[in-house]
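Worksheet: one structure, shown below.
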Amino acid sequence: MGAAEKLAGPPTIWAVIFEGITVTDGEGRPAQLAVIDSRGHVIAAGPEVAKAAWAASVEAYRNHLRGHGHLRALRKP
């Protein structure tokens with residue numbers, strides 16, 4: 001890590017229900033999410049990764065609500 005990277009703050013990740021996930025670098029500039037394998041290779045990056053992370057987050061929250069009785073499972077026709 002270089003000196004400039006040490007001075008910048010950590011990246012920020014947040015989500016808004018009508019926007020999905022947003023990521024910025026330590027200086028507030030737009031950034032993107034990536035999936036990195038065990039060898040350090042980027043295997044996916046960009047908006048599709050953010051959409052998949054958002055979908056997984058929403059599903060996990062729905063499952064949490066169902067488990068606590070706050071949300072009923074929808075019946076499929």
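Atom set for the values below is all heavy atoms of this structure, side chains included, hydrogens, waters and symmetry mates excluded. All residue numbers in this chain count up from 1 along the given sequence.
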Check for me, please, whether Val42 and Val23 land in the same ILVMFWY cluster - side-chain distances under 4.5 Å, paths through other members count. no

Are Ile36 and Leu33 connected in a single hydrophobic cluster, I mean Ile/Leu/Val/Met/Phe/Trp/Tyr linked by side-chain heavy atoms less than 4.5 Å apart? no

What orientation do Tyr61 and His64 show, parallel under 30°, tilted 30 to 60°, or perpendicular over 60°? parallel

Check step by step if side chain to side chain contact (heavy atoms under 4.5 Å, CB included) holds for Val16 and Thr22. CA-CA 8 Å; Val16 179; Thr22 302; over 6 Å; no

Common cluster, Val49/Trp14, ILVMFWY with side-chain heavy-atom separation under 4.5 Å: yes

Following the transitive rule for hydrophobic clusters with a side-chain heavy-atom cut-off under 4.5 Å over Ile, Leu, Val, Met, Phe, Trp and Tyr, establish whether Leu65 and Val58 coincide in one cluster. no

Mind listing the closest non-hydrogen atom pair of Trp54 and Ala15 along with its distance? CZ3-CB, 3.2 Å

Between Arg62 and Leu71, does a side chain to side chain contact (heavy atoms under 4.5 Å, CB included) hold up when you go through it step by step? CA-CA 7 Å; Arg62 286 181 180 154; Leu71 187 65; 4.1 Å; yes

Distance col, row His70:NE2 vs His68:NE2, nearest 0.5 angstrom, shows 6.5 Å

